[in-house]
Amino acid sequence: MGSGKRMTFGKAGEATLSQWVADNARVCWIEQREPRDLESQLISRLELPLNLG
């Protein structure tokens, strides 16, 4: 669903997705001198189902 370039899941789908994120998403951080090195390691080792890029 959507118009133009912005895609949506419709009102019910967006509500469902928002609830899933609230229930399941986590955020954390650490200080790192070379964050790009750590980022590359994490991306190569973790299975990230929503990271399609």
Side-chain angles (χ1 to χ4, degrees):
M1 270 188 166
S3 62
K5 294 182 181 180
R6 183 165 187 245
M7 301 299 289
T8 69
F9 296 105
K11 195 168 194 166
E14 292 288 340
T16 299
L17 179 58
S18 292
Q19 188 60 54
W20 184 92
V21 169
D23 292 343
N24 296 284
R26 303 291 181 265
V27 176
C28 64
W29 63 90
I30 60 170
E31 290 186 28
Q32 182 73 18
R33 283 183 189 242
E34 300 294 334
R36 290 184 189 267
D37 293 342
L38 179 60
E39 177 185 43
S40 295
Q41 291 174 26
L42 291 173
I43 290 173
S44 70
R45 293 180 183 163
L46 297 174
E47 185 175 328
L48 304 171
L50 296 178
N51 187 358
L52 303 176

task: With sequence neighbours excluded, tell me which residues meet side-chain hydrogen bond (donor to acceptor under 3.5 Å, both in side chains) with Asp23.
output: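 For Asp23 the side-chain hydrogen bond (donor to acceptor under 3.5 Å, both in side chains) partners, ignoring immediate neighbours, are Gln19.
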
query: Looking at residues at least two apart in the chain, or sitting in another chain, which of them share a side-chain hydrogen bond (donor to acceptor under 3.5 Å, both in side chains) with Glu34?
result: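 side-chain hydrogen bond (donor to acceptor under 3.5 Å, both in side chains) check on Glu34 returns nothing, list empty.
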
- request: With sequence neighbours excluded, tell me which residues meet side chain to side chain contact (heavy atoms under 4.5 Å, CB included) with Glu14.
  value: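 Residues passing side chain to side chain contact (heavy atoms under 4.5 Å, CB included) with Glu14: Thr8, Phe9.
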
By side chain to side chain contact (heavy atoms under 4.5 Å, CB included) - contacts of Gln32 (at least two apart):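 Here the qualifying residues are Ile30, Leu38.
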
